[in-house]
There are 2 protein chains.
Amino acid sequence: MSRRSGILEFAVLGLLRESPMHGYELRKRLNTSLGIFRAFSYGTLYPCLKTLVANGWLIEEPGSAPEDARAASLAGRRAKIVYRLTPEGKEHFEELLSNSGPDSWEDEHFAARFAFFGQTEREVRMRVLEGRRSRLEERLEKMRASLARTRERLDDYTLELQRHGMESVEREVRWLNELIESERAGRDQRQSPSAPPATRKSTSGEAGNLPRHRDAEPSGGTPPGRTGPPDPSADTAK
Amino acid sequence: MSRRSGILEFAVLGLLRESPMHGYELRKRLNTSLGIFRAFSYGTLYPCLKTLVANGWLIEEPGSAPEDARAASLAGRRAKIVYRLTPEGKEHFEELLSNSGPDSWEDEHFAARFAFFGQTEREVRMRVLEGRRSRLEERLEKMRASLARTRERLDDYTLELQRHGMESVEREVRWLNELIESERAGRDQRQSPSAPPATRKSTSGEAGNLPRHRDAEPSGGTPPGRTGPPDPSADTAK
DNA sequence: GTTTTCATGTAACCCGTTACATGATTCA
DNA sequence: TGAATCATGTAACGGGTTACATGAAAAC
């Protein structure tokens with residue numbers, strides 16, 4: 001496994017960059033707002049936060065006094081712990097943001113990266129998007145090949161399953177195409193017909209250059225869809 | 001985790017029902033033809049086979065003599081081991097096939113079930129399909145709700161991610177609708193316009209009653225798409 | 001003749017979850 | 001006052017992969 005926890009670290013850093021938070025809230029954001037990743041349990045989150053603190057990327061602050069600002073010397077007080085990004089943490093996150101290597105093409109990793117595109121530089125966004133697309137295209141190639149080989153042995157349902165699977169991937173490729181086009185259009189700052197100025201709130205400073213979709217009905221929970229098997233195969237031998 | 005290995009067992013039994021095979025080949029089929037599941041490694045597969053043998057569902061047979069039919073008493077011979085389904089195994093598989101409970105609505109589980117629809121009774125197929133659909137609709141509901149809550153705080157990219165995710169789920173629901181319709185149409189045996197007699201090979205004895213798609217370009221690798229987080233949350237506190 | 005692919009196995013390890021423990025705050 | 005939610009933590013367990021060991025058959 002390619003360090004799923006790396007995704008957690010990344011996302012935590014990214015969320016905390018926006019504002020300090022305590023663990024519980026962090027987890028909620030991870031599962032809902034960013035709905036992207038299949039949820040992490042506290043058993044993963046809290047230790048992870050500890051690590052980040054140990055690395056000097058976060059500091060723990062006593063939470064904004066639960067109950068009220070208690071002056072009493074309640075030593076064993078189990079207060080909310082608010083985590084805040086340190087300058088080093090910010091720097092580290094920026095470094096993570098800037099890399100657009102093969103890892104960032106992977107399903108869950110990609111989703112996490114995309115979620116923070118608002119804070120990512122345009123060129124990096126492009127590379128990530130294009131990388132993701134090429135990754136999916138490879139996948140499609142494999143699917144087509146494998147299908148060509150086995151096609152006639154398969155029954156209708158199996159075939160239909162494959163067909164639907166492939167269609168999903170193709171659909172994501174088209175989605176990426178749109179995004180890439182928008183990014184490109186947005187690059188020369190003037191607003192092209194396909195990329196009118198942002199109508200939705202833009203957290204980042206960037207212009208709104210996403211493709212238009214029928215505006216009601218945005219969505220809410222899934223990554224571009226775990227699609228192909230990460231294939232632990234590639235064979236054990238050698 | 002809801003016993004991912006249960007899926008393996010099911011798929012192994014299902015594949016072996018069609019014909020005896022050895023482990024290596026089994027694994028290939030699991031990753032390509034059925035391309036569905038994110039691949040299992042040998043470290044998982046072989047022990048699993050052992051278990052199935054121990055349960056009396058499979059028997060190991062010396063493979064069709066590697067090299068040539070060797071009569072010599074090579075005791076330490078590392079031959080291919082071909083696994084064959086026992087009558088009990090077949091019975092067990094049929095039992096698994098017949099259950100259409102909530103488990104079978106889940107992402108990977110569903111994909112596995114669908115892959116063996118050719119050997120599944122129509123009523124069961126219907127229940128599985130409908131269950132899956134309701135599961136996805138729940139998911140959509142949650143997504144919509146969570147989105148409604150957080151919408152304005154989100155930036156364009158996050159929103160776009162959510163939108164795309166939701167759209168994927170909606171798309172799968174439509175797919176299921178088509179399938180369900182076809183099943184229903186197929187039930188009264190005469191061939192409706194939407195369900196002409198099978199043109200593709202049908203392994204099962206059933207009539208070809210799948211929805212028609214532009215026929216070239218079936219697909220090849222992915223489950224209906226890991227969509228929503230299984231949500232280990234539901235909160236730890238009871 | 002050597003590399004690839006086929007083929008079977010196992011033990012160590014890693015990651016993440018489950019289950020539990022604890023306690024404060026808010027709501028009915 | 002008791003239930004639900006907020007909130008933090010940890011130890012044990014489990015499932016699955018990685019890496020390794022081994023060797024035959026086929027391809028080059």
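Everything numeric here is computed off the predicted structure, so don't read it as measured data. Naming: A, B, ... by sequence-line order, numbering from 1 per chain.
- A salt bridge links B/Arg29 with B/Glu18: the closest approach of a Lys/Arg side-chain nitrogen to an acidic carboxylate oxygen falls below 4.0 angstrom.
- Per the geometry, CD belonging to A/Glu9 stands 14 Å off C1' belonging to C/dG16, to the nearest Å.
- Remark: A/Ser41 is in phosphate contact with C/dT17, judged by side-chain N or O atoms under 4.0 Å from OP1 or OP2.
- We find that CZ of B/Arg29 is positioned 15 Å from P of C/dC6, with the value rounded to whole Å.
- Between A/Leu58 and A/Thr86 there is no side-chain heavy-atom pair separated by less than 4.5 Å.
- Rounded to a whole Å, the CG atom of A/Leu45 is 9 Å from the P atom of D/dT8.
- For A/Leu49 and C/dG16, the CG to C1' distance is 15 Å, given to the nearest whole Å.
- Of the side-chain N and O atoms in A/Tyr24, one or more sit less than 4.0 angstrom from OP1 or OP2 of D/dC6.
- Nucleic acid contact class of A/Gly23 (heavy atoms, under 4.0 Å, all strands): sugar-phosphate only.
- Remark: P of C/dT8 and OH of B/Tyr46 are 4 Å apart, rounded to the nearest angstrom.
- Atom CG in A/Asn31 sits about 10 Å away from atom P in C/dT17, given to the nearest Å.
- Between B/Ile81 and B/His22 the shortest side-chain heavy-atom distance does not fall below 4.5 Å.
- Considering only side-chain N and O atoms, B/Thr44 lies nowhere under 4.0 angstrom from the phosphate OP1 or OP2 of D/dG15.
- When the side-chain nitrogen and oxygen atoms of A/Arg4 are compared with OP1 and OP2 of C/dT17, one or more of them lie within a distance under 4.0 Å.
- Among C/dT8, C/dG16, D/dA7, the nucleotide with an atom closest to any side-chain atom of A/Lys80 is D/dA7.
- Aromatic ring pairs are classed by plane angle as parallel below 30°, tilted from 30° to 60° and perpendicular above 60°; the pair A/Phe116 and A/Phe10 is perpendicular.
- One can place NZ of B/Lys28 at 7 Å from P of C/dA7, the figure rounded to the nearest angstrom.
- For D/dT10, the OP1/OP2 oxygens have a side-chain nitrogen or oxygen of A/Lys50 closer than 4.0 Å.
- Taking the six-membered ring for Trp and thresholds of 30 and 60 degrees, B/His164 and A/Trp175 have nearly parallel ring planes, at less than 30 degrees apart.
- Atom CZ in B/Arg27 sits roughly 13 Å away from atom P in C/dA7 (whole-Å rounding).
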